[in-house]
Every structure is written in C-alpha cells, then in structure tokens.
Amino acid sequence: MDELRDAAQATEAHIAVHWKEEEYYWPPAKFIAQANAGDPGILERFSEKHFPECFKEYADLLTWDTYWHTTLDTSNPPFWKWFVGGTLNASYNCVDRHLARNRNKAAFIWVPEPEDESTAVITYQELFARVNEFAALLRDFCKVKAGDRVTFHLPMVPDLPVAMLACARLGVIHSEVFGGFSGFACGDRIVDSGSHILVTMDAYYRNGDLLDHKVKADQAVEYAREHGVTVDKVLVWRRLPGKYSSPTPMVEGRDFFVDDLLKDYRGARVEPTSMPAEAPLFLMYTSGTTAKPKGCQHSTGGYLAYVAGTSKYYQDIHPEDTYWCFADIGWITGHSYIVYGPLALGATSVIYEGVPTYPDPGRSWRIAERLGVNIFHTAPTTIRMLRKAGPDEPKKYNYHFKHMTTVGEPIEPEVWRWYYDVVGKGEAVIVDTWWQTENGGFLGSSLPALQAMKPGSCGPGVLGVYPVILDEEGNEIPAGSGKAGNICIRNPWPGIFQTIWGRPERFVETYYAKYCTNTESKDWQDWPYFAGDGATHAADGYFRILGRVDDVINVAGHRLGTKELESAALTVDEVAESAAVPVVDELRGRTVEMYVALKPGRDSSAETEAKVSYAIETIIGKIARPKNVWIVPDMPKTRSGKIMRRVIASISNFTDVGDVATLANPEIVESIRRKVQAEKVARGDLPKALSAQELEEIQRFGRVE
Ligand code: WT7
C-alpha cells in the first residue's frame with residue numbers, strides 16, 4: 001500500500017514541474033481577421049481607469065425603453081446597482097427586436113436525442129409566437145404578475161427557453177431547477193422561492209430511454225405542501241405530441257397539459273412589461289457550505305448587458321454563426337450562453353436534448369457537421385467523456401470550428417490538447433472561461449483574438465473585471481510568486497448577482513465579509529468579492545484555478561454542497577454521522593465518496609451502503625450518487641468535535657493525511673485508511689497520480705470556516 005502511495009507522489013512531483021512549462025498557443029490568423037474583439041484598443045477601453053463607464057459598451061448592445069442615468073450606484077454596498085434609471089424588457093431584447101430583419105432566421109435549432117426524430121428549427125418569428133402565447137397563458141390562466149416567481153423543472157427542450165422568455169416578458173421571475181435533480185430538490189427550491197406554479201414535462205429522452213419526469217412534479221408539490229407552500233397549478237408539456245408519456249396520473253384541477261391550454265391562446269400577443277434595470281430576471285440555485293441551496297438573484301439590465309457583451313467578445317458570435325453550447329439550460333451556463341447571451345445578439349443557438357455519446361461516440365460530431373456548427377462550448381467532463389469514448393471520432397466528420405469554450409472546472413493540459421488538436425483540428429481558438437452561478441457571466445478568460453491561450457490556465461480577468469489573489473490575512477499575493485491563495489474580484493461588474501433570494505445577510509457574509517476592511521465604506525474598492533476558489537497568478541497575469549476552498553464538491557462541473565449530501569445520508573435510519581468528500585475521477589473531475597458512522601448496535605452491511613446511496617440519489621439527484629459509501633466505526637475529529645473531512649479526503653485519494661496527532665482520535669485514521677484503501681485496491685480502483693492542483697485541492701478541502 002505504502003509503495004503505491006509513494007509512487008503516486010513521485011509522479012505528482014513530475015507533473016508539478018511539467019505544469020510550469022505549458023506553452024502558449026496563438027489564435028489562427030483566420031480567426032483574428034474576423035474577431036469581434038480584434039482591436040487591442042478594447043483592452044484600454046476596459047482598463048480600470050475607465051471603470052465603471054466602460055460597461056456602457058455592453059449596455060448599448062441592448063434596446064432600452066428608458067435610457068439609464070447612473071452606470072453604477074454604490075450607495076448600499078455590497079448591493080450594487082447597475083444602469084440605474086434604465087428600463088427594458090429581456091424578452092423584447094431577445095426576440096421582438098430581431099423580427100424586423102431576421103424573423104425567418106433560426107433562433108434555436110433543437111436536436112432531439114433519438115436520431116430518427118427530426119431536428120426542429122424555431123425561427124425568431126415562431127419563437128415570438130410561442131413566447132407570447134405562453135406569456136398570455138401564464139398571465140390569464142395562472143394569474144401571475146411582475147415580481148411573482150414561477151418554478152420550472154424542465155429538460156433540454158425548446159419549451160424551456162420559451163417559458164423563460166414568457167416570464168421575462170411579464171417581469172415574472174423564473175427559477176429553473178436542473179431537470180436531473182430530484183423531485184425533492186425541486187420542491188425545496190419551490191418552497192424557498194415561494195412559487196405557486198410549477199412548469200414541467202411528462203418525460204424526456206436520455207441515453208435512449210424515455211424517462212418519466214412527471215413523477216418528480218408530484219414529489220415536488222408534496223414536499224412543498226409539507227413545508228407550507230401550495231403549488232396551485234402544474235403545467236405539463238408533453239414530449240411526444242398529443243401523447244402522455246408518464247404513468248403518473250394527472251391530478252384533477254391541479255395538473256394541465258400545456259398543449260391543451262394553449263388552444264385558447266392561439267395568436268395571443270402580450271405587450272412586454274418594461275422593467276427597471278435592477279428588477280430580478282431569474283433565480284438560479286447553487287450549493288454552498290450549508291445544507292440550504294442559495295437562490296442567486298440575477299438582475300435584468302446588468303445581467304443581460306453582461307451576457308450580451310461577453311457573448312459578443314468572448315464567444316465571438318456573429319450573425320452568420322451557428323453556435324452550440326453543450327451545457328444544460330438548467331445550469332447558469334445554459335441561461336447565459338444558450339439562451340440570453342446568444343439571443344440578445346440575434347444569433348442561432350443549438351439545443352441538444354441528450355447525452356453526447358448516444359447512440360455512439362460520433363453523435364456530437366455528426367450534429368456539428370450536419371448543422372454547420374462553428375462555435376462549440378462545453379465542459380471538461382464532456383470533453384473527457386468524448387475523448388474516452390472515441391478519441392479519433394472527430395476526424396471522421398467534416399465540421400470546422402472557429403472557436404471552442406471550456407467551462408466549469410479546471411481542464412488538464414492533456415485534455416486541453418486533445419480538444420485543441422482533435423476536436424478543433426488545430427483550427428479553433430479555445431477560451432477557458434472561469435466563473436460561477438453567482439457571477440452571471442465570465443470572470444476569467446483570454447480574449448480570443450488578442451490574448452494567447454495557455455492550457456490549464458483560464459487567462460487574465462475578462463474585460464472590466466480585475467481579479468486579485470489574497471492570502472488569509474487579506475494581503476495580496478503578487479503575480480509570479482508561485483503561491484496559491486483565494487481569488488477575489490476587486491470590483492463589481494454588471495453580471496454579478498444581486499443577493500441570495502430572501503437572505504441578504506448570508507449574501508454579505510458568504511461573499512464579502514471575509515475581505516471587507518470597512519463595512520461603513522461606500523467605496524467599491526473596499527469590498528472585494530470572495531469567489532471561494534483557490535488560484536495562482538502567473539507572472540504573465542494568467543490565473544490558474546485550483547478548485548473550491550470550501551466544503552463544496554465540483555462534480556462534472558457543478559457544485560454539490562457537502563452539507564446537503566450529508567443531510568441526505570442522515571435520513572437513513574441507521575446513520576449517526578456522515579461526511580462527504582471529493583475523489584479525483586478520470587471522467588467527472590470529481591466524484592463524491594460518503595463516509596458514514598452508524599448508530600450504536602447497528603451492523604454495517606451492503607444494504608446500509610445501498611440505502612445511503614439511494615437516499616442521496618432520490619433527495620438530490622443522480623448527479624450526486626456517491627462512488628463509494630464507507631461505513632466506519634468513527635470519524636476522525638478535532639478535539640472540539642469537528643469532522644476532519646480533509647483527512648478522509650486524503651484517504652480516499654491516497655494522498656498524505658498530514659499531521660493527525662492533534663486529533664481527538666488519531667488512531668482511527670490509520671484503521672480507516674487500511675480498510676478503505678485495501679478495499680479500493682481489491683476493487684481495482686487504484687490510486688491515481690494527482691496533479692499539483694488536485695493535490696492542493698484535497699489538502700485544502702474543508703479548511704475555510
Ligand atoms: C465553480 C462554479 C459557471 C460555470 C459553471 C459552473 C469551478 C468554473 C472553471 C474553469 C476552473 C472552474 C470553480 C467555480 N469552475 N469554471 N474554467 N476553470 N474551475 O458553475 O456550478 O457555480 O461552479 O466551478 O471552482 O467556483 P458553478
């Protein structure tokens with residue numbers, strides 16, 4: 001065992017050295033010649049001395065009903081207000097204003113998972129009709145009005161952006177819950193947002209199966225009822241026209257088929273409601289260090305301006321491009337870079353329903369070839385999966401990307417190079433965009449025509465965003481020092497979320513309290529935004545993101561809160577204590593492993609392990625399913641009783657557990673290590689050589705209070 005561990009660490013040192021030697025890649029001349037941001041003057045225009053007025057350039061991409069008078073209002077820090085005095089409607093900006101010149105242009109091209117089902121093209125005119133009709137239904141049948149919340153639990157179908165834009169048209173705040181989440185997770189978010197309407201779908205395709213989805217709506221509504229919130233109406237879209245594909249009965253008076261209801265709204269038109277720039281556009285829930293997900297509240301004017309601006313300059317979307325962001329609209333990436341950003345620019349955005357490798361590893365490239373996709377955007381987890389399933393597959397298809405994005409987690413330089421050489425055929429520029437649910441849009445990335453790419457580093461701060469790395473005391477760690485610290489953003493930017501829905505104190509506490517030196521100050525300079533990621537800053541100004549510094553596990557590019565996972569495990573009767581830790585995984589970046597200690601007198605059994613796994617899957621969703629559940633006699637704890645997740649994370653990853661002498665029960669560490677590692681080796685789950693950044697993450701895991 002120890003030999004295995006030593007071997008892992010020797011390789012690690014090699015990787016750490018190798019990392020420093022990453023070379024620059026320069027964008028192809030052909031890309032530079034056509035780029036939206038090709039003039040280096042743009043860097044000067046967005047430099048700090050022009051802040052915040054530089055963001056006028058983004059706001060001017062939109063059509064305002066009333067032009068704004070104040071770019072940035074800092075009178076109530078850190079509740080920044082952008083484009084104050086301005087009014088606009090997001091649905092008008094994404095749909096109506098494109099009709100005069102482009103009504104027959106594809107807004108969305110929807111690719112169903114079954115390959116024999118035809119692709120659906122939704123023109124701007126058709127989108128306009130659908131958005132208006134659904135808005136009329138929401139207004140007249142559901143009686144919702146500006147400021148109300150409506151929850152969606154929808155898969156990757158065009159009905160999702162239609163519903164989003166219909167809410168936006170009315171000034172109603174939408175809250176989409178990722179379709180893969182469980183009914184309970186959806187119910188929890190319904191309760192938190194106080195929604196009385198749920199929009200869902202009966203079923204959807206995933207990996208060849210038509211999955212029942214409506215069953216989750218029943219669970220969500222029941223959960224909400226138990227927690228004091230009544231859902232009055234459940235609107236159910238049908239995946240297959242006119243056919244109900246769920247075995248779950250429709251509840252009389254509560255559940256309605258959308259296609260039936262829409263018959264009464266044929267041709268309806270709804271005047272877009274002009275909303276203040278600071279009116280909330282939507283909520284997007286994300287995990288944090290507590291068991292309660294945070295409803296990140298995004299604004300209308302600042303958010304839309306920011307996603308339009310970054311889509312233009314960083315995604316380099318032109319009117320003639322076919323842009324495919326292969327993320328789920330149920331996450332922030334999909335909201336910003338499938339729906340709002342591209343549509344604000346009048347672009348054509350591809351939506352694919354299913355998994356990248358269904359029915360075979362060539363599927364994604366067939367889609368790209370057939371639709372003439374030239375901008376491709378996805379996450380490292382998908383890239384790794386495609387590479388594993390079909391490393392040579394892209395060569396068989398005649399598509400050409402000019403631009404590719406990676407987002408959501410750090411990408412290994414080796415995977416980056418496959419993306420560049422094989423997927424991009426050496427012709428495409430890559431942007432590695434670092435940001436978060438809270439941020440609305442990109443924070444760190446190279447500007448594709450003007451700044452070189454460096455595999456594994458996201459790049460410098462984006463236009464108008466000035467990051468800094470601070471140590472625990474708040475001292476700046478200078479570029480080029482080689483030391484890691486907490487990456488923070490020194491200034492506000494228009495896409496920043498406004499607050500955590502209903503919990504302003506938690507908003508201030510989580511993101512600003514750590515580094516604010518003067519809470520009385522009205523000067524933005526005194527309020528650095530704490531992102532919760534560890535990073536290093538190279539001498540060339542590029543940032544390398546190391547991962548989360550809090551108790552959050554990034555699985556396949558998405559954050560899962562350890563407390564949420566642990567509370568789910570505690571619903572199993574036998575379980576007394578639980579701890580969730582990240583394990584480095586070849587495909588998903590990280591997976592979850594659960595450690596549980598049982599109540600006195602309960603015997604460990606495979607059945608208990610299965611119960612824990614099942615509880616997590618049903619309470620949170622399949623994405624959170626643990627790779628292993630380890631039943632241990634006790635958890636390593638500090639003298640004050642805090643579970644040392646970092647120690648068990650080290651065990652799961654075969655890294656050094658560090659000094660455990662000060663623990664209340666140091667002897668337990670060795671016995672857990674023997675049991676877990678021996679079992680892993682027996683299962684063929686051998687220790688992986690961790691990269692410098694993976695090692696750093698495991699050693700820091702759970703350190704921030
Ligand atoms: C966390 C945010 C908004 C994108 C989707 C995920 C990690 C995100 C990168 C990147 C390294 C990244 C960070 C961040 N992350 N992008 N390009 N390189 N790490 O949104 O679920 O809110 O997760 O994802 O750790 O804090 P999210």
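We count ligands from 1, going down the list as the structure has it; atoms in each ligand are counted the same way.
A salt bridge links E697 with R590: the closest approach of a Lys/Arg side-chain nitrogen to an acidic carboxylate oxygen falls below 4.0 angstrom.
Remark: ligand 1 and R548 share an N or O pair separated by less than 3.5 Å (distance only, no angle test). Any N or O atom pair closer than 3.5 Å counts here, and G547 shares no such pair with ligand 1. Any N or O atom pair closer than 3.5 Å counts here, and E438 shares no such pair with ligand 1. Distances between N or O atoms of R559 and those of ligand 1 include at least one value under 3.5 Å.
Of the protein's non-hydrogen atoms, G557 O, 3.4 Å is the one closest to atom 6 (C) of ligand 1. If you check which protein heavy atom lies closest to atom 22 (O) of ligand 1, you get T437 OG1, 2.5 Å.
Numbered from 1 in the order shown, with element, the atoms of ligand 1 that lie under 4.0 Å from a heavy atom of N554 read 7 (C), 24 (O). Residue D432 has at least one heavy-atom neighbour below 4.0 Å for each of these atoms of ligand 1: 10 (C), 17 (N), 18 (N). Listed by atom number, the atoms of ligand 1 under 4.0 Å from V407 heavy atoms are 4 (C). The ligand atoms of ligand 1 that sit less than 4.0 angstrom from a heavy atom of I332 are 3 (C).
In this pair, W331 and H558 present their aromatic rings parallel. The plane angle is below 30°, not in the 30 to 60° band. The aromatic rings of W416 and Y420 sit parallel, their planes meeting at an angle under 30°, below the 60° perpendicular limit.
If you check each of E409, H558, Q693 against atom 19 (N) of ligand 1, the one with the closest non-hydrogen atom is E409. The residue from G408, A379, S336 that puts a heavy atom closest to atom 24 (O) of ligand 1 is G408. When D533, V549, T333 are ranked by how near their heavy atoms come to atom 14 (C) of ligand 1, first place goes to D533.
The side-chain heavy atoms of I173 and L281, taken from C-beta on, include no pair separated by under 4.5 Å.
Distances from ligand 1 to the non-hydrogen atoms of C458 include no value under 4.0 Å. Using a 4.0 Å heavy-atom cutoff, P410 is listed among the residues neighbouring ligand 1.
For K425, the NZ atom is densely surrounded, since the number of other residues' heavy atoms within 6.0 Å is greater than 12.
No donor-acceptor distance shorter than 3.5 angstrom exists from the side chain of R588 to the backbone of A556, with no hydrogens or angles considered. Of the possible polar contacts, one joining the N554 side chain to the G408 backbone as a donor-acceptor pair under 3.5 Å is found. Here the side chain of K627 pairs no donor or acceptor atom with the backbone of P582 at under 3.5 angstrom. Under a 3.5 Å cut-off, the side chain of N653 and the backbone N or O of A649 do form a donor-acceptor pair.
Counting only N and O atoms by type, the side chains of Y511 and E438 include a donor and acceptor under 3.5 Å apart.
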